[in-house]
There are 2 protein chains.
Amino acid sequence: MAINNTENINTWLSHLHEETKFSISVDCVIFGYDEAALKVLLMDCNMPPYEGKKSLIGDLLQKQETTDEAAKRILENRTLLTDLYLEQVNVYSNPFRHPLGRVITLAYYSLINIEDYENQIVDAENKQLEWKTLATIDDLAFDHLEIVKDAYARLQRTVREVPIGFSMLPKKFSLIQLQNFYETVLDIELDRRNFRRKLMALGLLIDLKEFQDNVAHRPAKLYSFDFEKYKQKKNIGTLNFEI
Amino acid sequence: MAINNTENINTWLSHLHEETKFSISVDCVIFGYDEAALKVLLMDCNMPPYEGKKSLIGDLLQKQETTDEAAKRILENRTLLTDLYLEQVNVYSNPFRHPLGRVITLAYYSLINIEDYENQIVDAENKQLEWKTLATIDDLAFDHLEIVKDAYARLQRTVREVPIGFSMLPKKFSLIQLQNFYETVLDIELDRRNFRRKLMALGLLIDLKEFQDNVAHRPAKLYSFDFEKYKQKKNIGTLNFEI
DNA sequence: TTGCTTTGCGTCAATTTAACACAAAGTAAT
DNA sequence: ATTACTTTGTGTTAAATTGACGCAAAGCAA
């Protein structure tokens, strides 16, 4: 038994060598919502053969950090925002996906409120990053287009089940804005009146008793999302958040 | 521009060194369904300090394979079955999760029909692997308990949206068996009559015109799942598979 | 004051879901 | 062969949810 253990460990150790060690990068698909369009934050890729193309924002995993920490680090470095929503998407491990050698990447996606961002986002060389409308993205460096598609599919699924969309909206929003958001992300049309009914029935919106101004029509009521009540309801199991 | 590229590449290359390379393992949560219980295939862990505990079945990622290929290899080696359902769960990257050094693991889960398995499954040392009822698993080596929980949560979500459950059932099954399966996996109770109605309405079950035998009561009709029709309907977009 | 645009609400029909009871098919026991 | 027992298989009805739709209200602009 003891011998067995030792053998087993030695087997393991012998495998833990250079040959089976890999560089790991963490790439972030940062979604933002603005002007009724879903956007993704991209940087210029200047690595052959992908010069001139855009790529996701990422970095290599460092020695003592978890992948979650790496994703958080990358995001905070770039956006200067904290407490961002982060979710793992997938691992991309094609041996030839990276021109400089084998790099396995773990993709995350994140949602940010473009209002908060205020154009401060730059890359490592201080070049401005660019928000690109998701629908217009058709070519990216590496396998990043596939990653973006997977992340979007995941976002579409998650946004219906969990109120993550509120991270992408202003703190104060109108029901119409909220509806537009769901219509954009899910790529469907919703009936205004039925949408309102459903959302109000959830009981998770706080009526701020405030209104839009500077609009050439009836101003809309503003709401915020009641994260506290959401947590409570979720814990009790009372919740059926389903858009 | 050219200089920029070179710099950039050098920056990358300098990072692609030993310090930021990691061993990667692929661990499989193999679910099986039998006797109205959901089970997980486990092996004995004889690595200190986890001697005596059970662990998931896994292996190190090899130099030229993708993680999907690694998961498939591991599964086929152990179960001797091919064409198994496989889905990525999550990456587990705590630097101290493995006693022999940093090993980042990617978990997959898979579903197999215990009938097909016929007790042939052995580990690398030819020791019989063990099916353990999910509900009774409360302690595993490494962070494998967390992995099993995550995989189960993922299974619960996916099983409602995609007909993956049929991989875990006999090819010929009764509606009651099917209902029991969903009740077990989702941990809910379903009304027999409403369940039947819903399933029949899907139009994806083939009535085999066969019946159970050797049962001390009215024998149940047997069905099989119409994978062909499912693919068709899915492609046309006619489908609403929602248990 | 009128017209324009967008917000906000209520109703009604259609669909879906939930709850429920009883007959039918077979085996086992007498 | 009759009866008891167990499990399968089906239909009906009320309640809840969803979908479709029209119209009044609020504000700005002309």
Side-chain angles (χ1 to χ4, degrees), chain A residues 35-37 159-161 163 169-170 172-184 186-225 233 237-243, chain B residues 34-37 159-161 169-170 172-184 186-225 233 237-243:
Chain A
E35 294 160 23
V159 84
R160 310 195 77 159
E161 299 170 358
L169 287 170
K172 303 175 177 185
F173 52 82
S174 68
L175 278 175
I176 299 284
Q177 279 181 289
L178 190 58
Q179 180 183 342
N180 285 339
F181 169 77
Y182 279 105
E183 289 185 329
T184 303
L186 298 174
D187 199 23
I188 54 177
E189 295 221 331
L190 296 167
D191 181 272
R192 185 163 40 96
R193 292 150 289 190
N194 294 335
F195 179 79
R196 300 176 96 80
R197 178 167 16 115
K198 195 163 204 168
L199 262 289
M200 296 315 282
L202 277 178
L204 293 174
L205 298 184
I206 301 171
D207 183 342
L208 295 172
K209 314 279 183 195
E210 288 180 59
F211 295 85
Q212 284 182 311
D213 51 3
N214 292 326
V215 286
H217 53 77
R218 176 174 177 174
K221 244 188 200 177
L222 298 180
Y223 297 86
S224 66
F225 184 75
K233 291 206 181 194
T238 324
L239 192 65
N240 183 18
F241 190 90
E242 270 271 336
I243 301 297
Chain B
D34 193 22
E35 293 160 24
V159 83
R160 313 195 74 157
E161 300 169 358
L169 286 170
K172 303 175 177 185
F173 52 84
S174 68
L175 278 175
I176 299 283
Q177 279 183 287
L178 190 57
Q179 180 184 341
N180 285 340
F181 169 77
Y182 280 105
E183 290 185 329
T184 303
L186 297 175
D187 199 23
I188 54 177
E189 296 221 329
L190 295 167
D191 181 273
R192 186 161 41 97
R193 290 152 288 191
N194 295 335
F195 179 79
R196 299 177 96 82
R197 175 154 29 94
K198 196 164 205 168
L199 262 289
M200 297 316 280
L202 276 178
L204 293 174
L205 298 184
I206 302 170
D207 182 344
L208 295 171
K209 314 276 184 199
E210 288 180 59
F211 294 85
Q212 285 183 310
D213 52 0
N214 292 325
V215 285
H217 53 77
R218 176 173 178 175
K221 243 189 198 175
L222 297 180
Y223 296 86
S224 66
F225 185 75
K233 291 206 181 193
T238 324
L239 191 64
N240 184 19
F241 190 89
E242 271 272 336
I243 303 299

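In what follows, every chain begins at residue 1, and chains take the letters A, B, ... in the order their sequences are listed. Values below: all heavy atoms of this structure, side chains included; hydrogens, waters and symmetry mates excluded.
- In this pair, B:F225 and B:F241 present their aromatic rings perpendicular. The plane angle is above 60°, beyond the 30 to 60° band.
- Between the side chain of A:R197 and the base of D:dG19, a donor-acceptor pair under 3.5 Å is found.
- Rounded to whole angstrom, the span from the NE2 atom of A:H217 across to the P atom of C:dT5 amounts to 11 Å.
- Checking A:K172, A:E210, A:Q177, A:M200 one by one against A:Y223, the side chain to side chain contact (heavy atoms under 4.5 Å, CB included) holds for a single residue, A:M200.
- A straight line from CD of A:Q179 to C1' of C:dG8 spans 12 Å, rounded to a whole angstrom.
- Straight-line distance from the CD atom of A:E242 to the P atom of D:dT17: 13 Å, rounded to whole Å.
- Phosphate proximity of C:dG8 to A:R196: present, with a side-chain N or O under 4.0 Å from OP1 or OP2.
- If you check D:dT6, C:dT5, C:dT17 against the side chain of B:K198, the one that comes closest is C:dT17.
- Rounding to whole angstrom units, CD of residue B:Q212 and P of C:dA25 are separated by 16 Å.
- B:D191 places its CG atom 16 Å from the P atom of D:dT12, with the value rounded to the nearest Å.
- When the nearest nucleotides of DNA chain C are assigned to A:A216 and A:L222 by heavy-atom distance, the more 5′-ward of the two goes with A:A216.
- Here D:dA24 is the nucleotide among C:dC20, D:dT8, D:dA24 with the atom lying nearest to any side-chain atom of A:R218.
- For the pair A:P219 and B:N194, both in contact range of DNA chain D, the more 5′-proximal nearest nucleotide belongs to B:N194.
- For B:R193 against C:dA21, a side-chain N or O and a base N or O form a donor-acceptor pair under 3.5 Å.
- Between A:F173 and A:F181, the closest side-chain pair of non-hydrogen atoms is not below 4.5 Å.
- Distance B:D213 CG to D:dT8 P: 15 Å, rounded to the nearest Å.
- Rounded to whole Å, the distance from CZ on A:R192 to P on D:dC23 is 14 Å.
- Between A:I176 atom CD1 and C:dT5 atom P the separation is 16 Å, expressed in whole Å.
- Taking 4.5 Å as the limit, every side-chain heavy atom of B:L175 sits out of range of all side-chain heavy atoms of B:K221.
- Side-chain atoms of B:L202 and B:K233, non-hydrogen and from C-beta on, never get closer than 4.5 Å to each other.
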